[in-house]
2 protein chains.
Amino acid sequence: MNYENYGQMLKAMADPNRLKIIDLLSCGSLCACDILDHFDFTQPTLSHHMKVLQAAGIISARKEGKWQHYTLRPEFIDLFKRDTDTLLNASEHCVCDDGPLQENDSRKGVLTNEKD
Amino acid sequence: MNYENYGQMLKAMADPNRLKIIDLLSCGSLCACDILDHFDFTQPTLSHHMKVLQAAGIISARKEGKWQHYTLRPEFIDLFKRDTDTLLNASEHCVCDDGPLQENDSRKGVLTNEKD
DNA sequence: GTTAAATATAGATCATCATCTATATGTTGT
DNA sequence: ACAACATATAGATGATGATCTATATTTAAC
């Protein structure tokens, strides 16, 4: 489990407007102007949100004429569901199984418990 | 689907350190000092993170002597999985099925398409 | 080629956040 | 009571983020 990568996806999703965009795209691809119709904010703001979602690997963009078509990436859907399950279900080997640190523990100060 | 509430959970999770805390708690309850052993940051910073997780309904706290025991809330696990499925799977009725807004559309300017 | 439409970029602003140090509060054992 | 430990609170700081206005770029249509 890579906390950094999963965290990036979560951060990109952690905005009500972007959640709604993802929800819209879960039904199929849409172009920017169609998405914009569902919101109150300005076009540059939408452009910003779509960039954030792309940078997180959540959506892909395909230009067709003057339209940008956005699609929810299946790889994201798979990875996100997988990471969520890994996080919320107790895994076979838990970080906490390593026990607390002792005074002369070699792990002290170093994050060797990382599951990344 | 309540984007605001789901967004709050996501925002609270959208930090690598808090993700690791959740991962630790997925194996069972832990007290603050045991959690702190797995990190490099200071005790007040942990205190802050635990508050954020509590405020989002992700964990619960139970004081026992001088120890605070933290537990991953089963209700959170259920709700989060449910919301995630709702978001990523095309629902029967999609916002986009309503079609684009027309000039005299009564929906114009009002977010009546909300699925909340 | 000029106009209109769709989208992107630049730069600014205000809010939120992760972290720190310093200190306070509460609890247990002597 | 006092010392030691576990945790919380206050306040500051530097970074990041959501949004805006203004403007640029790209593309289709006439």
Looking only at atom types and distance, does a side-chain atom of B:Lys81 sit under 3.5 Å from a main-chain N or O of A:Leu88, one as donor and one as acceptor? no
Can you find a heavy atom in the side chain of A:Ile59 that is under 4.5 Å from one in the side chain of A:Thr71? no
Does B:Ser47 use its side chain to pair, donor to acceptor, with the backbone of B:Pro44 at less than 3.5 Å? no
Here the distance between atom C1' of C:dA12 and atom NE2 of A:His48, to the nearest Å, is 14 Å
Out of curiosity, does B:Leu19 fall in the hydrophobic cluster containing B:Ile77 (side-chain heavy atoms, cut-off under 4.5 Å, transitive links)? yes
Figure out the CD/P separation between B:Gln8 and C:dT16, and round it to whole Å. 13 Å
Can you get from B:Leu46 to B:Val52 by hopping between Ile, Leu, Val, Met, Phe, Trp and Tyr side chains that sit under 4.5 Å apart? no
A:Leu24 versus A:Phe39: any side-chain heavy-atom pair under 4.5 Å? yes
How long is the gap from CZ on B:Arg73 to CG on B:Leu53, to the nearest 0.5 Å? 12.0 Å
Joint cluster assignment, A:Leu25 & A:Leu79, ILVMFWY side-chain distance < 4.5 Å: yes
For the residue pair B:Ala12 and B:Arg18, what are the closest heavy atoms and their distance? O-NE, 2.6 Å
Looking only at C:dT7, C:dA18, C:dC20, the nucleotide nearest the B:Thr42 side chain is C:dC20
Please report, rounded to the nearest Å, how far the P atom of C:dT7 is from the CG atom of A:Leu36. 9 Å
Nearest-neighbour nucleotide for the A:Ser47 side chain, C:dT7, C:dC20, C:dA8 considered: C:dA8
How many whole angstroms separate atom CE of B:Met50 from atom P of C:dA18? 14 Å
From the 5' end of DNA chain D to its 3' end, which nucleotides mark the outer limits of contact with chain A, defined by a 4.0 Å heavy-atom distance cut-off (strictly under)? D:dG17 to D:dA28
In whole angstrom, what separates B:Leu19's CG from C:dA18's C1'? 15 Å
What's the spacing between A:Ser60 OG and A:Tyr70 OH if we round to 0.5 Å? 10.5 Å
Take the protein atom CG of B:Asp40 and the nucleotide atom C1' of C:dT19, then report the distance between them rounded to whole Å. 13 Å
Rounded off to whole Å, could you give me the CG-to-C1' distance for the B:Leu46 and C:dA18 pair? 13 Å
Taking the side chain as everything from C-beta on, heavy atoms only, tell me whether B:Met13 gets closer than 4.5 Å to B:Phe76. yes
Give, ordered by number, those residues of residues 53-70 of chain B having at least one heavy-atom distance below 4.0 Å to an atom of DNA chain D; if nothing qualifies, reply none. B:Lys66, B:Trp67, B:Gln68, B:Tyr70
Any residue in residues 9-16 of chain B with a heavy atom nearer than 4.0 angstrom to DNA chain D? Just list them by number, or reply none. none
